[in-house]
Asker: 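Below is the structure I would like to discuss, written out as structure tokens.
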2 protein chains.
Amino acid sequence: MTDANQSARKSNPFQPISTAVLEELKAAVGETFLLTEDGMLSEHGPADTAQVSALMRICNSHRIPVTVRGAGSGLAGGALPVYGGLVISMKRFDKILKIDRKNFQVTVEPGVITEILQNTLREQGLFYPPDPASRGWSFIGGNVSTNAGGPKAVKYGVVKDHVLNLEVVLPSGEVIWTGSNTLKNSTGYNFTQLIVGSEGTLGVVTKIVLKLQPHPTQNLILLAPFRSAESACAAVAAIFEAGVTPSGLEFMERNAIDWAVRYVGETPVPINEEDEAHLLIEVDGFHLESLMADCETISRVLERFDTGEIFFADDETTKASLWKLRRNVAHAVKRNSVYKEEDTVVPRGELPALLRKVKDVGARYGFESVCYGHAGDGNLHVNILRGSLSEQTWNEEVPKGIREIFTFVKSVGGTISGEHGIGLVQRQYLDIVFTPTEMELMRSIKSVFDPNGILNPGKIV
Amino acid sequence: MTDANQSARKSNPFQPISTAVLEELKAAVGETFLLTEDGMLSEHGPADTAQVSALMRICNSHRIPVTVRGAGSGLAGGALPVYGGLVISMKRFDKILKIDRKNFQVTVEPGVITEILQNTLREQGLFYPPDPASRGWSFIGGNVSTNAGGPKAVKYGVVKDHVLNLEVVLPSGEVIWTGSNTLKNSTGYNFTQLIVGSEGTLGVVTKIVLKLQPHPTQNLILLAPFRSAESACAAVAAIFEAGVTPSGLEFMERNAIDWAVRYVGETPVPINEEDEAHLLIEVDGFHLESLMADCETISRVLERFDTGEIFFADDETTKASLWKLRRNVAHAVKRNSVYKEEDTVVPRGELPALLRKVKDVGARYGFESVCYGHAGDGNLHVNILRGSLSEQTWNEEVPKGIREIFTFVKSVGGTISGEHGIGLVQRQYLDIVFTPTEMELMRSIKSVFDPNGILNPGKIV
């Protein structure tokens with residue numbers, strides 16, 4: 001990331017901010033700014049849509065890059081201001097504006113922490129499912145900008161499936177709404193879905209209308225150990241084929257779960273030496289009997305694979321403890337080694353082949369990897385460990401291996417990011433998944449919204 | 001529609017097709033064309049993506065309008081070639097290319113009839129939920145182009161929620177894929193969702209990859225009569241608030257159900273004089289006990305409203321007979337009177353207010369209306385009856401009333417089409433829902449894909 005960052009700086013086509021423009025910006029939001037090495041970071045950030053609009057108008061007329069920053073928890077460098085300019089912090093957009101229980105909708109500002117939003121809604125029996133691992137600190141606006149996922153996506157869909165309408169400030173300072181507050185809409189082009197996942201390159205999201213549903217009242221968890229990691233991957237598709245749609249279906253390689261157990265310092269279930277991988281399977285709903293029946297169906301499916309003893313959890317403490325393990329895998333890996341995290345996604349039936357490919361490429365390029373992720377929707381996080389690799393191998397050889405993995409992913413109908421986004425760090429691989437025509441279309445769409453190219457320059461397109 | 005059609009013709013900016021170009025077009029698809037008054041209709045239509053690409057390249061270079069036609073079942077005039085030119089029939093794109101049971105996906109050509117696709121999938125236990133009333137004759141490609149809905153949308157979402165990836169021929173003749181065959185995708189801009197619902201104005205869809213799910217094995221139906229139509233509308237939101245998500249929640253005004261009974265010639269349940277409206281409520285799933293519990297919850301909710309005796313259906317014949325009634329309402333209305341069909345959609349809690357508004361506007365402008373539709377997702381079809389209205393009232397006064405209804409719809413967070421599209425007939429009302437900035441953005445997006453404006457000119461933008 002540092003390298004990409006440095007090379008972007010060298011070729012910066014933008015001018016630094018002049019003192020006169022700085023004064024104009026300060027006047028627009030009526031408060032002090034804090035200058036940083038990267039250009040300028042607003043100390044408190046704008047307070048409302050009108051202030052964002054004023055800032056955008058000034059930056060657009062002076063061709064000053066604008067990078068919108070949520071909680072900074074992104075995994076693709078999307079919030080890094082690689083060309084300097086203005087960084088707009090959204091942290092003051094921290095209000096849940098309206099919980100509309102009657103219509104199962106919430107209107108929220110982008111700077112609300114996802115888990116705070118979820119907990120507030122839950123108190124009223126309402127459910128907003130997308131739950132990225134970062135939900136305890138990431139902003140809902142950042143989740144929208146990357147089209148985030150999380151374990152629940154397998155049953156409930158990703159962020160895009162829950163966004164009904166967005167208020168967006170364009171670089172011109174104009175404010176639009178992208179849709180309507182309805183479950184269906186066949187009125188004109190779908191701007192809502194164009195903005196979701198656009199990583200701050202098309203406009204600044206200032207209000208979000210989300211679809212909600214009744215919060216499930218029951219859930220059960222199974223943890224299944226597998227002698228072979230490939231066999232665990234194969235079991236994933238078989239579970240769906242049996243007619244069950246779990247609310248979580250997570251895959252963890254041996255290292256992932258081992259390191260997580262050590263990092264968390266506890267586990268409700270012994271992890272056996274001989275198991276290569278585990279599946280964590282959750283079902284949820286409103287009728288316990290149906291969920292018990294689903295668990296029986298799942299168990300029958302798993303029996304066809306080489307599993308060890310399946311651990312069943314129906315009490316809150318054990319279930320929380322199992323999810324805590326899964327949610328801490330990324331932290332545990334980070335503790336163990338410098339790493340590159342790849343966010344591969346394939347049709348779920350291709351998971352065994354993807355895992356085989358990752359290990360094969362690793363063997364040839366000399367790197368180790370820890371794989372885990374949302375296997376239910378074919379989203380495998382491939383953490384490539386730096387370990388004791390040389391600078392040269394890490395910076396020159398490993399990217400070649402990643403390119404091989406991504407090329408495979410594309411060849412089986414998958415793509416290079418399932419939920420993290422492209423940002424800065426994955427840009428170099430876009431040629432694998434997009435044709436020149438498709439890239440050109442993206443650049444043209446970008447120009448429609450942002451003709452001067454001031455919004456998050458150096459990202460995606 | 002005829003008026004809008006005629007006025008478009010008068011100001012046709014396109015030249016007629018010359019004999020030389022006609023020869024070029026014939027050579028491209030290697031067969032005869034049938035000339036019509038509207039320009040040209042290919043007798044058999046192109047056979048594959050390469051032929052569509054060849055036709056597009058020729059039309060683009062000669063600035064010939066291209067209107068793509070599926071089954072012609074659209075309700076907004078989207079497939080009418082108002083500026084003449086080439087009509088591309090997609091009827092030869094009639095193949096289900098690949099049913100991928102392992103990944104719960106199907107790849108299908110756009111000319112497959114929706115119900116044929118659904119039945120073929122069902123034989124393998126697979127479920128593609130969107131079921132517009134026209135499913136027995138509409139093409140899946142047309143469903144994609146209008147972002148169609150249907151009764152199941154309330155639980156399973158509309159077409160856009162099921163489209164993973166599209167092959168699209170651009171006016172330049174270039175062929176792109178819009179996404180990946182995966183459940184999650186955070187890789188670049190969401191072209192898939194930009195094409196869905198764009199009514200043939202951005203590109204020609206030639207392959208469709210749809211997400212599937214296990215087919216529910218059980219369902220139950222309730223038919224609830226209400227003394228007051230507004231009360232029926234109010235009950236809709238209450239059912240969801242009780243924590244149940246039905247797989248169908250249909251509203252029918254007295255006239256709608258009366259006419260449908262007469263049209264179909266049978267009914268499994270007597271319709272009482274004093275009931276103003278009915279709700280048809282379906283729940284589906286895999287566990288009968290859960291569905292029985294859901295029906296009990298729904299019944300308890302309905303008791304709080306002024307319902308008559310609730311009719312419960314659990315045998316296939318009665319259930320089919322109830323759905324047959326509902327599905328034939330549109331035909332029955334058509335049989336009774338010339339009408340304009342408006343496709344209003346609001347947050348579902350606003351349904352009682354919308355119904356009140358429709359009746360109030362009707363009283364003031366002197367028209368009668370029959371309302372019915374997918375109340376569960378706030379989608380109310382307002383059929384305005386011509387009856388004995390004069391030409392002048394019908395053409396000049398009624399549109400003012402429609403404008404009032406649409407303005408109300410917009411004011412409560414709704415929009416003017418939930419599932420039919422804008423096409424030709426709703427264009428005149430777009431200023432109610434879009435600001436000039438938003439309209440300009442749509443025009444610019446259109447220009448990115450179709451710089452010469454040859455694709456379905458006169459529609460949406």
Side-chain angles (χ1 to χ4, degrees), chain A residues 101-105 146-147 149 153 158 161 174 176 180-190 193-194 196-198 213-214 237 240-241 243 245 286-287 289-290 293 345-349 377-379 413-422 433-435 437-438 441-442 444-445 448 460, chain B residues 101-105 146-147 149 153 158 161 174 176 180-190 193-194 196-198 213-214 237 240-241 243 245 286-287 289-290 293 345-349 377-379 413-422 433-435 437-438 441-442 444-445 448 460:
Chain A
R101 210 185 174 291
K102 198 166 187 182
N103 291 306
F104 281 76
Q105 293 178 7
T146 55
N147 189 16
V158 293
D161 301 309
E174 290 169 300
I176 64 166
S180 60
N181 297 0
T182 56
L183 295 171
K184 313 165 80 166
N185 187 342
S186 288
T187 312
Y189 301 148
N190 196 336
Q193 297 300 333
L194 195 55
V196 174
S198 65
Q213 53 201 91
F240 290 89
E241 284 185 86
T245 302
F286 297 87
H287 303 284
E289 300 71 28
S290 318
V345 60
V346 291
R348 69 171 84 93
D377 35 33
N379 187 198
T415 191
I416 67 175
S417 177
E419 56 176 27
H420 294 171
I422 295 304
V433 281
F434 295 115
T435 64
T437 303
E438 290 156 1
L441 272 180
M442 287 211 282
S444 302
I445 297 286
V448 165
I460 309 184
Chain B
R101 210 184 174 292
K102 198 167 186 182
N103 291 307
F104 281 76
Q105 293 178 7
T146 56
N147 190 16
V158 293
D161 302 308
E174 290 169 299
I176 63 165
S180 60
N181 297 1
T182 56
L183 296 170
K184 314 165 80 166
N185 186 342
S186 288
T187 311
Y189 302 149
N190 195 335
Q193 297 300 333
L194 195 56
V196 175
S198 65
Q213 51 201 91
F240 291 90
E241 284 185 85
T245 302
F286 298 87
H287 303 284
E289 299 71 29
S290 317
V345 60
V346 292
R348 68 170 84 94
D377 36 33
N379 187 196
T415 192
I416 66 175
S417 178
E419 57 177 25
H420 294 171
I422 295 305
V433 281
F434 294 116
T435 64
T437 303
E438 289 156 4
L441 272 180
M442 287 210 283
S444 303
I445 297 286
V448 164
I460 309 184

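Note that these values count all heavy atoms, side chains included, but never hydrogens, waters or copies made by symmetry.
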Asker: Heavy-atom distance under 4.5 Å to chain B: side chain of A/Glu289, backbone, both or neither?
Answerer: neither
Asker: Out of curiosity, A/Lys184 NZ to B/Asp377 CG, how far, rounded to the nearest 0.5 Å?
Answerer: 4.0 Å
Asker: Please report the interatomic distance CD(A/Glu174) to OG1(B/Thr437), rounded to the nearest 0.5 Å.
Answerer: 3.5 Å
Asker: Give, for atom CZ of A/Arg348 and atom CG of B/Leu183, the distance between the pair rounded to the nearest 0.5 Å.
Answerer: 5.5 Å
Asker: Distance from A/Thr187 atom OG1 to B/Phe434 atom CZ, nearest 0.5 Å?
Answerer: 6.0 Å
Asker: Out of B/Pro214, B/Ser444, B/Pro347, B/Gly197, return the one with the most heavy atom pairs under 4.5 angstrom to chain A.
Answerer: B/Pro347
Asker: Please check: side-chain N/O of B/Ser186 versus main-chain N/O of A/Asn147, any donor-acceptor pairing under 3.5 Å?
Answerer: yes
Asker: At a 4.5 Å cut-off on heavy atoms, which part of A/Phe240 comes close to chain B: side chain, backbone, both, or neither?
Answerer: both
Asker: Are the charged groups of A/Glu241 and B/Lys102 less than 4.0 angstrom apart, N to O?
Answerer: no
Asker: Chain B: which of A/Leu194, A/Ile460, A/Thr435, A/Val196 shares the most heavy-atom pairs with it under 4.5 Å?
Answerer: A/Leu194
Asker: Just how far is it from atom OG of B/Ser417 to atom CG of A/Asn185, taken to the nearest 0.5 Å?
Answerer: 7.5 Å
Asker: Looking only at atom types and distance, does a side-chain atom of B/Ser290 sit under 3.5 Å from a main-chain N or O of A/His287, one as donor and one as acceptor?
Answerer: no
Asker: About how many Å separate CG of B/Asn181 and OG1 of A/Thr415, when rounded to the nearest 0.5 Å?
Answerer: 10.5 Å
Asker: What is the minimum heavy-atom distance between A/Gly414 and B/Ser180, and which atoms define it?
Answerer: O-CB, 3.8 Å
Asker: At a heavy-atom distance under 4.5 Å, which candidate from A/Ala293, A/Ala153, A/Gly188 has the highest pair count against chain B?
Answerer: A/Gly188
Asker: Name the region of A/Gln213, side chain, backbone, both or neither, that has any atom closer than 4.5 Å to a heavy atom of chain B.
Answerer: neither
Asker: Just so I understand: if I count every heavy-atom pair under 4.5 Å between each of A/Thr146, A/Val158, A/Ile445, A/Asp161 and chain B, which residue has the most?
Answerer: A/Ile445
Asker: Below 4.5 Å from any heavy atom of chain B, which atoms of A/Ile416 appear? Answer side chain, backbone, both or neither.
Answerer: both
Asker: Out of A/Asn379, A/Val346, A/Thr245, A/Val433, which one racks up the most heavy-atom pairs below 4.5 Å with chain B?
Answerer: A/Asn379
